[in-house]
Enquirer: 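First, the structure itself, so that you have it in front of you.
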Amino acid sequence: MRHKMINLCPTTFEIASKMKNFSSWVRSELLKIHAEQEEKEANYTRYRCPACWKVYVDRYDYGDMNCMNRDCGYTHKLEPIE
């Protein structure tokens, strides 16, 4: 295990002090959040710029994406990655 320090206010410190295994609970909650995020991202459409190969993820379902790399100069709509 690796250590990561967190700061708690007096109220959350009291709550954490009463828990049997606070560290295990924190790890469990972090893993839940991570799994939920991965599930969401699995449904996102990804686009790749054919000029600079930068990949973009359409998190808001815009439907069309443009390359946002200022150095690229590619101005056409990006094609989704299958």
Side-chain angles (χ1 to χ4, degrees):
M1 292 284 168
R2 296 183 61 178
H3 294 276
K4 178 77 176 173
M5 185 182 293
I6 63 170
N7 296 316
L8 301 173
C9 69
T11 304
T12 55
F13 178 80
E14 288 301 318
I15 294 168
S17 297
K18 293 174 184 174
M19 295 177 77
K20 188 171 186 168
N21 193 339
F22 178 67
S23 294
S24 176
W25 178 81
V26 170
R27 287 191 299 273
S28 172
E29 291 301 308
L30 289 171
L31 289 171
K32 280 185 205 174
I33 292 168
H34 181 71
E36 290 169 2
Q37 186 63 32
E38 281 190 333
E39 186 177 329
K40 283 181 189 176
E41 287 183 4
N43 296 321
Y44 293 154
T45 304
R46 289 171 172 71
Y47 297 85
R48 176 177 285 129
C49 176
C52 70
W53 287 85
K54 188 165 175 72
V55 174
Y56 298 96
V57 177
D58 187 0
R59 289 184 172 88
Y60 304 104
D61 200 24
Y62 291 132
D64 288 325
M65 295 286 288
N66 294 318
C67 185
M68 292 178 262
N69 180 356
R70 294 178 188 192
D71 298 327
C72 175
Y74 189 78
T75 57
H76 304 298
K77 298 288 183 199
L78 303 180
E79 293 294 322
I81 299 171
E82 298 296 323

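Numbers for residues simply follow the sequence, beginning at 1. This one's a predicted model, so the numbers in the text were calculated from it and none came from an experiment.
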Enquirer: Do side-chain atoms of Tyr56 reach the backbone of Met68 as a donor and acceptor pair under 3.5 angstrom?
Expert: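 Confirmed, Tyr56 side chain pairs with Met68 backbone.
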
Enquirer: Are there more than 12 heavy atoms of other residues, nucleotides or ligands under 6.0 Å from atom OH of Tyr44?
Expert: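 Enclosed: over 12 neighbouring heavy atoms sit under 6.0 Å from OH of Tyr44.
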
Enquirer: Of all heavy-atom pairs between Asn66 and Leu78, which one has the smallest distance, and what is that distance?
Expert: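 Looking at all heavy atoms of both residues, the shortest contact is C-CD1, 3.8 Å.
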
Enquirer: Is the side chain of Ser17 donor-acceptor paired with the backbone N or O of Phe13 at a distance under 3.5 Å, no angle test?
Expert: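 Present.
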
Enquirer: To the nearest 0.5 Å, how far apart are OG in Ser23 and NE2 in His3?
Expert: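 Ser23 OG to His3 NE2: 9.0 Å, rounded to 0.5 Å.
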
Enquirer: Can you tell me how far CD of Glu38 sits from NE2 of His34, rounded to the nearest 0.5 angstrom?
Expert: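 Result: 3.5 Å between the selected atoms.
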
Enquirer: If I compare all heavy atoms of Arg48 with all of Trp53, which pair ends up nearest, and what's the gap?
Expert: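 Scanning both residues, the minimum pair turns out to be CD-CE3, 2.9 Å.
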
Enquirer: When hydrophobic residues are tied together by side-chain contacts of less than 4.5 Å, even through go-betweens, does Ile15 share a cluster with Leu30?
Expert: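 Result: no, two separate clusters.
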
Enquirer: Which atom names give the shortest non-hydrogen contact between Ala16 and Leu8, and what distance separates them?
Expert: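 Distance-wise, the nearest heavy atoms are CB-CD1, 3.9 Å.
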
Enquirer: Shortest non-hydrogen contact from Cys67 to Tyr74?
Expert: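 Closest pair (atom of Cys67, atom of Tyr74, distance): CB-O, 4.0 Å.
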
Enquirer: Taking atom CD of Glu29 as the centre, does the number of heavy atoms from other residues, nucleotides or ligands within less than 6.0 Å exceed 12?
Expert: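 Counting other residues, nucleotides and ligands, CD of Glu29 exceeds 12 neighbours.
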
